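To keep things clear, I will list the structure first and then write my remarks on it.
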Amino acid sequence: MENVKFYPLDFVAIKNGIKIFGKKEDGKDICVIDKSLKPYFYVITEKEINSKKFIDKITKIEIEDNSEYYTVLDALEEKKNFLGKSINAIKVIVDKQSSISEVKNVIKNLPETKQIIETDISYSKRYLIEREIIPLALCKVEGDLVEDENIEFNMEGVVSKVSEDSFDSPKILAFDIEAYGTLMSEDKSKKDPIITVALIGNNGFKKAITWKNYKNKESYVEIVESEAHLIEALKQTIKEFNPDYLVGYFSDGFDLPYIIERAKKYKIEFNIGKDNSSISFSRGTRVKHARMSGVVHLDLLPFISKIMGPSLQLDSFSLDNVAQAILNDSKIAMNFYDINKAWEEGRIKEIIDYNLQDVKLTLKICEKILPNMAELVKISGLPLYDISRVTYGKLVEHYLMKRAREFNELVPNKPEKGLVALRRTHTYQGAFVMEPNPGLYENLVMLDFRSLYPSIINSKNISPATLNFESGYKSPEIEDEEGKNVSYYYEKKPHFIPLVIGDIIKKREVVKEALKKDKKNEVLKAKSYGLKTIGNAIYGYYAFFGARWYCRECASSITAFAREYIKDVIQKAAKAKFNPIYSDTDSVALSLEKNKEKDVLSFLNKINKELPGLMELELEDFYVRGIFVAKKGEEGKTMGAKKKYALINKDGDMKVIGFETVRKDWSQLARETQLKVLEIILKENKKEKALKFVRKIIGDLRDKKVKINDLILHNQLKMNLEDYRAIGPHVAIARKMKEKGYDIKAGTTVAFVISKGKGMIRDKAKLPEECEDGDYDEDYYINNQIVPCVERIFEVLGYKKEDLLTNAKQKSLGEF
DNA sequence: TACGGGCGGGG
DNA sequence: GTGTACGCCCGTA
């Protein structure tokens, strides 16, 4: 009998139990099999039944199918809570995971059965919750060593939690590949070779592999004979490094599937799992998740876009953009054409430098966000692999399931398809967003409620279990499904969801207090981040159609309370001689007018004295200048655009919200122009300079001084060419390309330039490589790219579209 | 106003 | 043995 402590990293359900890959305290790998938890579920019975007889009946269930036996090991009555009620439920324990559905199918037809629950919780989740095992936190296994030809240290036994002590010294390996050849398409990986791969470890390890020789290669570059050798070398490099975490950027959707496809071509088994198993891909997800046993594969993109996305306020999650935002670092400027060309001309070092820089950014971003992910692992109890790809729904759900156990609460079933469809049709009134008066403002302050939705849920005890129509906390009037105005009530008897939200808010307050004294403490920052993330997500979870604890009435009550509170602040601010400029959900921007900063503080104080429970209005920041623009609409009517503005604070930091500049369908030129204009106006407050700047750009376009590279537009074909009825420019260019012998099919991204010529826009679309310098339609770029990007900004400054074009040659106003 | 196509990330 | 499921925007009928 051995007793070994270890940090659990990766979990795989097996037939009769679970396999856990982890790290011993001495830093060596360990694999543990634990078969001690038997699968189970619950039956809620009709009232007035003889439970003893029913239990007897259940324990006798035995099913034979294709000479496979499915049996019940035990059944027992337990007192549980279920959605606010205390009930007796029958716990049914079965012999193996596959028995759950078989036994359930028998029990559901028994007359005593009212409802069967907790059959839809996967074994590994069940195991983690039941055993209170937190991934990454220290555990021990008591059991015996087992021989396994693929694994050095393998045990079978019973695992239990030891402490909160968390694994904090992972070996991390980041990687990235570069491929040569045609444009992006679904079968690119079938045709185009990998030309380089780069890897960087968090221990200083650095390596690049390529199969074209070049002079004066660096010591970290390995040159191999062929692509097949590159893949073998890559596999060896990963195995030798033996990472705990293998990290990529969109590696679920690009790098790993690409490598696997190329490996298949050369009949190489890319088996980099710690038990020498191959990579498996999930089914059903839009981007398949790539997993390997024992090595936690982290694709940074999903976490950044799904979890951090909303608060990062980026309009693209490209590596370059994200690196810029998180690290203030960027990629080497090299596009797809440049890479191809460099490869053809033997400028291999340039590609390797580019490749390595991408890996460096990937590793750095990983190190930056890993504490946040690890904190969510700790709070929610989900493994790191899951956290890195998690949605808010899953995050909240697993957290609630974990907490439910402490309160002896049964977990409601996931909704069935029909119910999901029904829920999807339900809508309700959301947050209050004030329409701003378009304009350039000076001297602003932004105020916002601390954890507005969570604090409302907590202070009004809002949950599906406390909802009723008679007594308790009364919501503002809400329009219900039939269009009637009703108020919902929430009982004051505590329910676990509002209680755990209260916990989260209070815990976060403690962390924030500690942070005030220790502002640079990254651990505390991550803690605060994790608590905030889960706390804020619970409101959305109530409204999420797939939720187990779904409650539309709850969600609509929360937004109704919130609207009442924020409107109250706006009203009181106006009374205190502030000018409310804009408001969205839980925040309000005020122009100070004659007020001073200290008046803002006393206004805050006054509001906070009147707020109930955990609710609090806070100072977000003071801003020197801000621009709010009009939205597209009928001429003559100016309506302020919601969620589209830009501010600058005293430190010169710009906050650009809602401007559309980083999307692929805008040319580089248009994007850069918009950002520069905002900068000139906010930083320097010089509208003539901004005007001159745009006129200069327009002049450059007219004078054919703009490089073709800055004018390229991108579109991807989603159907096969012959299925298109509407012929947009991207379809037209794809047809041209097909004629030229390009392989065009669904998934191909085409790049094109609108060139000078006659007819519709689609007739003028040309391949970038066909365009000589200056072969572009300046009128198209002026009217469809530059002007739409900046006209709303200039409107605010008192200019018209025409003003942008004065001094510009040969242009009739009529064309606008 | 409802519907369907396109996009994201990667080269 | 895997475990689901995207969500939003824009142009067009």
Side-chain angles (χ1 to χ4, degrees), chain A residues 12-19 96-98 101 120-125 176-186 188-189 191-197 248-259 262 277 280-289 291 293 299-306 309-310 314-322 331 334-343 351 354-355 358 362 386 389 391-394 414-417 420-421 424 544-546 632 660 662-665 714-719 723-726 728 730-731 746-751:
Chain A
V12 189
I14 55 172
K15 196 175 178 190
N16 293 314
I18 193 162
K19 206 182 214 180
K96 57 179 176 286
Q97 293 172 48
S98 52
S101 67
D120 58 1
I121 300 171
S122 77
Y123 182 81
S124 54
K125 307 272 155 43
D176 178 48
I177 61 168
E178 305 300 329
Y180 172 79
T182 54
L183 295 165
M184 275 298 174
S185 69
E186 272 166 14
K188 180 174 168 65
S189 62
K191 302 174 300 197
D192 295 335
I194 298 169
I195 50 176
T196 66
V197 54
Y249 199 84
F250 197 47
S251 41
D252 269 344
F254 184 74
D255 301 76
L256 284 173
Y258 209 106
I259 291 166
R262 301 306 293 173
S277 60
S280 65
F281 289 90
S282 68
R283 275 181 282 164
T285 45
R286 188 181 68 88
V287 173
K288 293 177 171 56
H289 303 166
R291 89 170 273 149
S293 312
D299 181 352
L300 302 181
L301 173 67
F303 187 80
I304 286 169
S305 64
K306 288 193 285 197
L314 296 172
D315 11 24
S316 154
F317 298 108
S318 64
L319 178 60
D320 196 33
N321 217 31
V322 169
K331 283 174 68 119
M334 209 173 175
N335 64 27
F336 158 72
Y337 304 100
D338 301 335
I339 293 172
N340 275 346
K341 225 167 173 198
W343 181 254
I351 304 175
Y354 170 87
N355 198 175
D358 276 12
T362 303
D386 297 70
R389 295 162 179 79
T391 57
Y392 277 106
K394 268 197 212 162
K414 282 190 194 164
E416 282 164 21
K417 266 191 186 154
V420 170
R424 276 177 188 272
F544 166 51
F545 48 75
K632 287 177 206 160
E660 62 274 77
V662 200
R663 301 208 332 236
K664 250 192 195 170
D665 41 349
H714 296 271
N715 270 115
Q716 191 174 29
L717 298 172
K718 281 292 153 170
M719 301 187 285
D723 299 334
Y724 279 92
R725 274 172 291 152
H730 65 298
V731 180
T748 309
T749 297
V750 294

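Model, not experiment: these values are computed from the prediction. Quick note on labels: first sequence line is chain A, next is B, and so on, each numbered from 1.
The base of dT4(C) does not come close enough to the side chain of Arg283(A) for any donor and acceptor atom to sit less than 3.5 Å apart.
Listed pair Lys331(A) / dG11(B) meets the phosphate criterion, a side-chain N or O lying under 4.0 Å from OP1 or OP2.
Stacking of Phe336(A) onto the six-membered ring of dG11(B) is present: less than 5.5 angstrom between centres, less than 30° between planes.
Taking only side-chain atoms of Tyr354(A), from C-beta outward, the nucleotide of dT2(C), dG11(B), dG10(B) with the closest atom is dG11(B). With dG9(B), dT2(C), dG11(B) as the choices, the nucleotide that has an atom nearest any side-chain atom of Phe250(A) turns out to be dG9(B). The Arg291(A) side chain lies nearest to dG3(C) when the options are dG1(C), dG3(C), dG9(B). Taking only side-chain atoms of Ala13(A), from C-beta outward, the nucleotide of dG1(C), dG9(B), dT2(C) with the closest atom is dT2(C).
Tested against Tyr249(A) for a side-chain contact (heavy atoms from CB on, under 4.5 Å), the candidates Leu300(A), Asp176(A), Asp255(A) yield a single pass: Leu300(A).
Shown here, dG9(B) is classed syn by the O4'-C1'-N9-C4 or O4'-C1'-N1-C2 angle, which is within 90° of 0.
Asp252(A) places no side-chain N or O within 3.5 Å of a backbone atom of Asp299(A) that could act as its donor or acceptor partner. A donor-acceptor pair is defined here as one N or O able to donate and one able to accept, closer than 3.5 Å; no such pair exists between the side chain of Asn16(A) and the backbone of Lys96(A). Between the side chain of Asp338(A) and the main chain of Asn335(A), a donor-acceptor pair closer than 3.5 Å is present. Checking side-chain atoms of Ser282(A) against main-chain N and O of His289(A) turns up a donor-acceptor pair under 3.5 Å.
Within 4.0 Å (heavy atoms only), Val420(A) reaches no atom of the nucleic acid at all.
Rounded to a whole angstrom, the distance from the C1' atom of dG9(B) to that of dG7(C) is 15 Å.
Between the CG atom of Asn16(A) and the C1' atom of dG1(C) there is a distance of 12 Å, rounded to whole Å.
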Parsed dot-bracket for DNA chain B after applying the Watson-Crick and G-U rules with both distances under 3.5 Å and | for other-strand partners is ||||||||...
